[in-house]
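Proteins get letters first, then strands, A, B, ... in listed order; numbering begins at 1 in each. Just so it is clear, the model here is predicted, and its values are computed rather than measured.
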There are 2 protein chains.
Amino acid sequence: MAVTIDDIAKAAGVSSATVSRVLNNSGYVKDETREKVLKAIKELNYTPSAIARSLSKKKTNTIGVVVPEINNPFFGEIIKGISEVADEHNFNLILCNTDEDIKKELRALKLLKEQRIEGILITPTSTDSDYSSEYLWTIENLGIPVVLIDGHVKYSNFNGVFVDHIKGAYDAVKTLIDEGHEKIAIITGRMNSRPARERLAGYKKALKLHNIPIKEEYIFYGDYTHEKAYEITKKILEMKDRPTAIFVSSNMMVLGCIKAFSENNIEIPKDMAIIGFDKVEVLNIIGMNISFINGPTIEMGKIAMKMLIDILNNSQATDTKTINLSPQLVLKGSEKYVR
Amino acid sequence: MAVTIDDIAKAAGVSSATVSRVLNNSGYVKDETREKVLKAIKELNYTPSAIARSLSKKKTNTIGVVVPEINNPFFGEIIKGISEVADEHNFNLILCNTDEDIKKELRALKLLKEQRIEGILITPTSTDSDYSSEYLWTIENLGIPVVLIDGHVKYSNFNGVFVDHIKGAYDAVKTLIDEGHEKIAIITGRMNSRPARERLAGYKKALKLHNIPIKEEYIFYGDYTHEKAYEITKKILEMKDRPTAIFVSSNMMVLGCIKAFSENNIEIPKDMAIIGFDKVEVLNIIGMNISFINGPTIEMGKIAMKMLIDILNNSQATDTKTINLSPQLVLKGSEKYVR
DNA sequence: GTGAAAGCGCTAACAT
DNA sequence: ATGTTAGCGCTTTCAC
């Protein structure tokens with residue numbers, strides 16, 4: 001990659017300033033000159049250096065994307081959304097995968113700052129327990145616009161696009177109630193994660209508003225894993241006063257339930273109704289119709305990226321923006337009440 | 001982001017060269033001086049500019065990753081592997097999603113070249129039909145090391161890590177034969193994709209080597225979609241001389257088969273045996289035990305990244321390297337022959 | 001319309 | 001052990 005703007009200038013018999021002008025369509029350039037320059041560019045197979053340009057312009061047109069688990073399609077879809085909008089606006093994406101490790105997340109933040117990215121889109125590690133003071137300090141003092149996606153950073157206030165977990169859970173449980181269910185269990189996520197708490201809150205709210213007493217025996221504390229959900233579901237199935245429906249706080253946990261169901265020949269929804277939070281595409285493809293609350297993943301990515309672009313274009317604005325998306329309830333039949 | 005190395009130099013009462021030295025741990029610096037510099041860095045919250053450094057060093061420590069479908073966990077896992085190794089070696093990742101669109105792929109390539117990345121890891125769009133001459137020309141004349149992952153670029157010879165699709169398919173079909181199956185159908189992928197052709201080849205090879213005649217009626221041409229597989233499977237189930245086993249060329253298509261099975265109350269493997277290519281995690285989690293050939297995705301990502309680093313460190317070597325990974329057969333019981 | 005030259009923030013000889 | 005200086009490849013006034 002030796003060929004530079006000066007080589008082109010030489011080859012075309014003009015100055016580098018002129019080459020720059022044709023490259024950027026800026027200023028006046030005689031058509032004839034432009035042709036010569038373009039010809040030289042073709043012949044020498046010249047590609048301008050974004051690095052040099054960035055340094056000179058103090059603008060990288062790059063944003064950083066930080067996700068906890070790249071191999072989870074949930075984040076894949078968010079990135080897809082981001083990428084689409086970024087493409088349209090000619091932004092590059094630097095990707096950092098953190099494996100749910102807050103140390104790596106911190107490292108990613110620093111690294112991105114070095115890269116002089118213009119903004120950061122981050123899905124913070126879901127557990128909000130252990131923010132070190134260093135982490136908090138770093139993210140607060142980044143000096144770069146940050147937009148959170150579907151996850152809050154405790155003690156802090158950032159721009160972000162979030163899912164209304166309370167509403168999602170409420171809608172799901174309300175649907176079950178409307179169907180005729182009165183004994184409704186919940187399997188929660190890890191309670192140190194905000195979404196898990198909010199989903200539980202939505203569950204309780206729905207029961208309360210419909211005058212159904214909240215029974216502690218029907219609240220099962222899971223941890224987002226399918227293994228745990230499997231165990232819990234087996235227990236539920238053995239209860240004397242067994243619920244007729246389960247609201248499951250995450251897609252992975254739905255899988256654990258299904259396993260337990262099939263081992264015990266439980267038919268959905270005849271023997272047990274179920275609604276899950278977040279989609280499991282595969283289940284629907286194979287014709288196993290599980291109702292779920294659909295977090296708009298691709299959409300979130302798009303909106304977050306747009307929000308960031310907005311912020312970048314209005315750098316004077318200092319107020320923090322927040323969008324709460326309503327997840328959509330997708331009914332497939334698994335919520336039915338069969339007497 | 002106003003603070004530069006000169007600000008630090010000024011604040012610490014030294015020259016920028018000295019600051020650079022402590023930043024890079026290069027050359028000699030008196031401890032005392034180092035302290036002063038570090039103090040200034042802390043106080044001014046200075047973060048060096050990777051952009052400026054890259055320009056100066058002619059080295060970006062960044063590699064480009066190009067995938068066709070970021071929201072597919074298959075690619076997510078590849079990226080995870082890449083990211084792990086990249087982290088260890090302090091490489092940044094610029095990600096480009098192409099939506100299986102060869103135009104976007106071409107654009108990504110150009111864009112990455114502008115960014116002066118050191119190398120490219122690419123999973124080419126699976127269809128090898130329409131490489132424009134521009135595409136071929138561009139990728140051949142990139143002047144940047146390219147490592148292909150699980151996909152070839154027609155008419156060209158690149159470094160790459162691939163899956164041995166022939167072997168994978170062979171192993172699967174051989175297993176079915178060993179189980180006692182003699183009537184084995186295949187649902188292929190899109191035949192303009194090399195993996196699809198190779199998997200079919202593996203299927204035929206296994207039959208031939210075991211003296212089972214290849215019957216055209218048992219070869220069904222799919223297109224990687226679950227919808228098509230669903231249609232095909234329904235047809236298979238209606239055949240008078242029905243196969244006892246199906247080898248399915250992709251994970252998505254397995255889902256279509258399962259849907260058809262369950263609609264027709266076909267039990268696996270009692271009424272029909274099945275082995276698929278590539279994992280569908282979810283199926284195993286819910287206890288639906290489908291045997292499959294496991295392409296080592298994370299591993300491929302890791303190996304590809306390592307290979308790239310290798311190439312970067314031996315820039316004189318001009319021979320192209322290729323690694324063919326054997327996929328692993330994971331048996332869950334769906335391959336059994338039940339009389 | 002086009003060129004000269006300064007500067008973006010950093011590194012790497014070369015001096016001292 | 002530290003400072004001076006000349007780039008790295010490009011953009012952008014300011015002249016002409």
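- Ser20(A) meets the side chain to side chain donor-acceptor pair (under 3.5 Å) test with Asn24(A); sequence neighbours excluded.
- Among residues two or more places apart in sequence or in another chain, the side chain to side chain donor-acceptor pair (under 3.5 Å) test is passed with Lys36(A) by none.
- Rounded to whole Å, atom C1' of dC10(D) lies 15 Å from atom NZ of Lys59(A).
- Between Tyr46(A) and dC10(D) there is a side-chain N or O to OP1 or OP2 distance below 4.0 Å.
- Against DNA chain D, the stretch residues 33-42 of chain A makes no heavy-atom approach under 4.0 Å.
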Please list, pair by pair, any protein nitrogen or oxygen found under 3.5 Å from a nitrogen or oxygen in nucleotides 6-8 of chain C.
residue	atom	partner	partner atom	Å
dG7(C)	N2	Ser56(A)	OG	3.3
dC8(C)	O2	Ser56(A)	N	3.3

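- Within the 4.0 Å cut-off from OP1 or OP2 of dA4(C), not a single side-chain nitrogen or oxygen of Ser15(A) is found.
- Val14(B) comes within 4.0 angstrom of sugar-phosphate atoms only, judged by non-hydrogen atoms across all strands, and of no base.
- Atom CD of Glu32(B) and atom P of dA1(D) are 12 Å apart (whole Å).
- Taken to the nearest 0.5 Å, the CD1 atom of Ile139(A) stands 5.0 Å off from the CD1 atom of Ile122(A).
- Counting to the nearest Å, the C1' atom of dT11(C) and the CG atom of Asn61(B) are 14 Å from each other.
- With sequence neighbours excluded, no residue forms a salt bridge (Lys or Arg N to Asp or Glu O under 4.0 Å) with Glu299(A).
- Distance, Asn24(B) CG to dA12(C) P: 7 Å, rounded to whole Å.
- Residues passing the salt bridge (Lys or Arg N to Asp or Glu O under 4.0 Å) test with Lys39(A) are Glu43(A), sequence neighbours excluded.
- Listed by chain and residue number, Glu77(A) satisfy the side chain to side chain donor-acceptor pair (under 3.5 Å) test with Thr297(A) (two or more places apart in sequence, or in another chain).
- Partners of Lys59(B) according to the salt bridge (Lys or Arg N to Asp or Glu O under 4.0 Å) rule, which considers only residues two or more places apart in sequence or in another chain, do not exist here.
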Extract from the structure each pairing of a protein N or O with an N or O of nucleotides 14-16 of chain C at less than 3.5 Å, listing the distance.
none

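- When each of dA5(C), dC10(C), dC10(D) is scored by its nearest atom to the side-chain atoms of Ala17(A), the top-ranked nucleotide is dA5(C).
- Taking atom CD1 on Ile5(B) and atom P on dG3(D), their separation rounds to 12 Å, with Å as the unit.
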Give the table of side-chain donor-acceptor pairs shorter than 3.5 Å for residues 65-76 of chain B, with sequence neighbours excluded, one pair per line with atom names and distance.
residue	atom	partner	partner atom	Å
Glu69(B)	OE1	Asn72(B)	ND2	3.4
Asn72(B)	OD1	Phe74(B)	N	2.8

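- Between the Glu118(B) side chain and the Asn61(B) main chain, a donor and an acceptor come within less than 3.5 Å of each other.
- Distance, Asp6(A) CG to dC10(D) C1': 9 Å, rounded to whole Å.
- Between Tyr28(B) atom OH and dG3(D) atom C1' there is a gap of 18 Å when expressed in whole angstrom units.
- Residue Ser16(B) is the one, among Ser20(A) and Ser16(B), whose nearest nucleotide of DNA chain D lies closer to the 5' end (criterion: closest heavy atom).
- In this structure, Arg34(A) CZ and Thr18(A) OG1 are separated by 10.5 Å, a value rounded to the nearest 0.5 Å.
- Remark: Asn314(B) engages no residue in a side chain to side chain donor-acceptor pair (under 3.5 Å) (not counting sequence neighbours).
- With sequence neighbours left out, Lys110(B) forms a salt bridge (Lys or Arg N to Asp or Glu O under 4.0 Å) with Glu134(B).
- Look at CG on Leu23(B): it is 14 Å from C1' on dA12(C), rounded to the nearest Å.
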